[in-house]
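Convention: sequence-line order gives letters A, B, ...; per-chain numbering from 1.
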There are 4 protein chains.
Amino acid sequence: MKDENKRHKILQAAIKVFSEKGFYNSRVSEIAKEANVADGTIYLYFRNKDDILISLFEEEFGKIVKNMRAALEKDPDPLKKIRRFAMTHLSIVSKQQELGEVMGVEVRQSSKFMKEYINKPFIEYLNIIRSVVIEGQEKGLIRKDLTPGIMKRAFFGALDEMARYWVLSTQKKHSIDDAALQISDVFIRGMMSEEARENYPWPP
Amino acid sequence: MKDENKRHKILQAAIKVFSEKGFYNSRVSEIAKEANVADGTIYLYFRNKDDILISLFEEEFGKIVKNMRAALEKDPDPLKKIRRFAMTHLSIVSKQQELGEVMGVEVRQSSKFMKEYINKPFIEYLNIIRSVVIEGQEKGLIRKDLTPGIMKRAFFGALDEMARYWVLSTQKKHSIDDAALQISDVFIRGMMSEEARENYPWPP
Amino acid sequence: MKDENKRHKILQAAIKVFSEKGFYNSRVSEIAKEANVADGTIYLYFRNKDDILISLFEEEFGKIVKNMRAALEKDPDPLKKIRRFAMTHLSIVSKQQELGEVMGVEVRQSSKFMKEYINKPFIEYLNIIRSVVIEGQEKGLIRKDLTPGIMKRAFFGALDEMARYWVLSTQKKHSIDDAALQISDVFIRGMMSEEARENYPWPP
Amino acid sequence: MKDENKRHKILQAAIKVFSEKGFYNSRVSEIAKEANVADGTIYLYFRNKDDILISLFEEEFGKIVKNMRAALEKDPDPLKKIRRFAMTHLSIVSKQQELGEVMGVEVRQSSKFMKEYINKPFIEYLNIIRSVVIEGQEKGLIRKDLTPGIMKRAFFGALDEMARYWVLSTQKKHSIDDAALQISDVFIRGMMSEEARENYPWPP
DNA sequence: CATGAATGAGCTTTCATTCAT
DNA sequence: AATGAATGAAAGCTCATTCAT
């Protein structure tokens, strides 16, 4: 198993095939064909079909988590971080549509057993939002009566549903950036503390 | 009618089985067993396995849409309608956990062909939110720079992600009502127009 | 699973196919074809391919054990029982050549796990010989310094090797009855006690 | 010779692996691993997997035949030769358990095509017994009404079944030497001519 | 209308064998 | 000569669907 490159080729092929047909309607042989390898070769790099999806999440989602963290470091302001999260998230999805499709569509489908595996990086991703919310609360910018654990899911859910729509719809009605701005704007205003609203008006 | 009753029994069985194992990991024979009918009987009422899921959505979702419309009519105030939507949505999900699970988990998984069928009642459901947002904008309560089509998805997505978490998690950390209140509160404050904020303070 | 007859048909087909190609070189689809059923039908009656072989042994060998016991009851004399065992054994094998082939050839090949299952009726069969030897010893006809557990295997092995040769060879050099007589004769004379040799001359 | 040495290493590995799992449940890659060579290397020394087993028999069985012949030469007396055959056979099996296991278990399993190859040295081995029987008959020690071809199979079968039991059973009930003595003793007494019994009493 | 045994297409996965290095 | 990654044919098994009863 010299060829780390081949593993990557298979994962890329899997993203494409899964995004087109969904996990359960995808055939291992289609992935092999798309990756220009023999069916058997897949099994040199992955234990089984499930393992392809799991690896996809662990590795690709891992990268995304890393990139997101890097993107947010630029902004010291938690409120701006929220906006940036939205922009970055939807930009990732729009740039890697197929990956986005697999993420958004497939995360929820697999058997509950698989969900455990998949959830790890996913929860990590969600917790980026949670950290920002907590940071905002500590700095007095976000209302303390809001539960960070609820906010992280609400915000992610809002973006994710939007992304799914955008990715699946053939004619893109709304600009994806516009959606990111509107959604983050609503969340920021909605979560802002009273003091912040006076001293630190939004939009900046 | 004996007929209609058996069809219903099958659909109820399908909800249970799909919610436990997911569509692709459910066997037609399991649904038959759960419904206390023979495998073949299923095919007297449904064209095929896909048709069971499609019918599930059309019929069960249809009821939900109807109930939601009825629930919102009680409130003339668009902002309160938003809160009520959240409360009702999460209450439906928590009361009919299995159906909620199927809705949340399965809507997104099936082949794109099926999605079209499933989408119809789903879009209708989303458009309830859209109408409320438009109504709010017309009454000057909601900012006019927000796109109703984006808001409907963002709000639904926020609630849905929360519902999914709540439904799948074994130990329910957050009260589902609390989540509904916080999420709707953030959206209402976030979407409110400047004038409304002065004349019509939130929470009421 | 109404049709007990169909199960039997499959087992008969399996005997034929296994005897021709050996267990590992037999295809489930070949058995299905030979039995005039669909591939899937096999799995309504048997858990898997292994289960076919296991069932074959449990059921067919069971019958043989029963028949052998019945055959031996006719003779009160242990020495004559030994001869009859040989005659009956080789006659079973020669009449049901294919079954004999599967028995002789396949018993020893399967994984050690399977062997346990298969061994049960086999040991039972061997123990028929053991009982006869013990009976002979009690009656003073067979030397007491011979271990019944060794004799049972030696005698069975002698017959079995002969049967295997006879079954596999295309041109049958030796008459199978002649072989049965010679082998049992050698064992009887060889195991006889000194007193028996005087009072109870062999052949009778 | 480096070459011949590697070939030998592979055969030794094959004996080990085949004896543990059986031919069909053994993987070529396992043999390669056990022999510390690459998978592909095996195919420099053997045509295919079947060829490994065939070579095993031809070469290892060949040695055994040679050793057995040498062992028997020490005894001029055919009856003693029979006893020595039993002792030597079971001692070989007990000393080279793994090889014995492969011999006993695998000889009979492979496809009929393979059997032809395997049978050659096997028949040769059997014919050692045959020669002894004939020699015994010529010297008037063994009854002339016994067919040497039947006796060779019966005697070998008796020993082989014992060996198989001894090799496969984890707790060895019977001493292997004791078994060899008892079995050969029964055969010798059983085959002895009347005159020999008087002039040449057994045991010597 | 209802049944459930039977079907067989089609899937994932394995593994003996090859061949570029 | 030696390697071991790559191959792809082939097999066991599943399960949606049918249809004789």
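Across residues 30-37 of chain D, not one residue has a non-hydrogen atom less than 4.0 Å from an atom of DNA chain E.
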Point to revise | nucleotides 11-17 of chain F: protein proximity per nucleotide (B base, S sugar-phosphate only, - neither; heavy atom, under 4.0 Å) | key: SSBBSSB
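Remark: C:Lys33 engages no residue in a side chain to side chain contact (heavy atoms under 4.5 Å, CB included) (not counting sequence neighbours). With sequence neighbours excluded, no residue forms a salt bridge (Lys or Arg N to Asp or Glu O under 4.0 Å) with B:Lys49. Take A:Tyr125 and apply the ring-ring contact (aromatic ring centres under 6.0 Å, His included) test, not counting sequence neighbours, and it matches A:Phe61, A:Phe85, A:His89.
Counting to the nearest Å, the P atom of E:dA2 and the CG atom of B:Asn5 are 10 Å from each other. Atom CD1 of C:Ile42 and atom P of E:dG8 are 13 Å apart (whole Å). Straight-line distance from the NZ atom of A:Lys9 to the C1' atom of F:dA5: 13 Å, rounded to whole Å. Whole-Å rounding puts the B:Ile10 CD1 to E:dC1 C1' distance at 12 Å.
Side-chain atoms of B:Phe46 and B:Ile54, non-hydrogen and from C-beta on, never get closer than 4.5 Å to each other. Counting only heavy atoms from C-beta outward, the side chains of A:Lys16 and A:Glu20 approach each other to under 4.5 Å.
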Review point. Please walk me through it: do B:Glu59 and B:Arg7 pass side chain to side chain contact (heavy atoms under 4.5 Å, CB included)?
Key: CA-CA 11 Å; B:Glu59 292 168 38; B:Arg7 185 189 161 85; 2.4 Å; yes
Exercise for review: Please step through side chain to side chain contact (heavy atoms under 4.5 Å, CB included) for the pair D:Glu98 and D:Phe18, ending with a clear verdict.
Suggested key: CA-CA 8 Å; D:Glu98 285 166 350; D:Phe18 288 163; over 6 Å; no
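Taking the P atom of each, F:dT21 and E:dC1 are spaced 23 Å apart, rounded to whole Å.
B:Asp51 and B:Tyr45 form no side-chain donor-acceptor contact under 3.5 Å, judged by distance and modelled atom types alone.
Secondary-structure stems of DNA chain E, taken as three or more successive Watson-Crick or G-U wobble pairs (i with j, i+1 with j-1) under a 3.5 Å distance threshold, comprise E:2-21 with F:2-21.
Regarding contacts with the backbone of E:dC1, every side-chain N or O of B:Lys6 stays at 4.0 angstrom or more from both OP1 and OP2. Phosphate proximity of F:dA1 to D:Tyr45: absent, as no side-chain N or O sits under 4.0 Å from OP1 or OP2.
Put simply, the side chain of C:Arg47 never gets that close to the backbone of C:Leu44: no donor and acceptor are under 3.5 Å apart.
What you find for C:Ile52 and C:Ala14 is that their closest heavy atoms are CG2-CB, 3.5 Å. Residues C:Glu30 and C:Asn25 share a closest heavy-atom pair of OE1-O, 3.9 Å.
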